[in-house]
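What follows is a short report on a single structure.
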Amino acid sequence: MSQSRRAVVECIFGWGKQHGTMRKTKHRGIARVAADFLLNLIAYNLIRIP
């Protein structure tokens, strides 16, 4: 079960680094980086819907 969950999490981070903006942040501060990360997660969930 742990290995299957790990594959899902790795897929999310891989997408964020390849297509999102998680490779190199453009923001300073924990709050702004957290908001950018949240935006990436929202975008990935929208892509997964279909």
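Just so you know, these numbers use all the heavy atoms, side chains as well, and skip hydrogens, waters and symmetry mates.
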Checklist entry - Can you get from Trp15 to Leu46 by hopping between Ile, Leu, Val, Met, Phe, Trp and Tyr side chains that sit under 4.5 Å apart? => result no

Item to check | Common cluster, Val9/Ile47, ILVMFWY with side-chain heavy-atom separation under 4.5 Å | outcome: yes

Item to check | The single option from Val33, Leu41, Leu39 passing side chain to side chain contact (heavy atoms under 4.5 Å, CB included) against Phe37 | outcome: Leu41

Item to check | Pairwise distance CD(Gln3) to CD(Glu10) - rounded to 0.5 angstrom | outcome: 10.5 Å

Item to check | Within 6.0 Å of CD1 in Ile30, more than 12 heavy atoms from elsewhere | outcome: no

Next on the checklist: Please check: side-chain N/O of Asn40 versus main-chain N/O of Thr21, any donor-acceptor pairing under 3.5 Å?
Outcome noted: yes

Checklist entry - From Gln18 CD over to Arg23 CZ, what is the distance, rounded to the nearest 0.5 angstrom? => result 7.5 Å

Checklist entry - Do Ile49 and Ile42 belong to the same hydrophobic cluster, where Ile, Leu, Val, Met, Phe, Trp and Tyr are linked whenever their side-chain heavy atoms lie under 4.5 Å apart, directly or via other members? => result yes

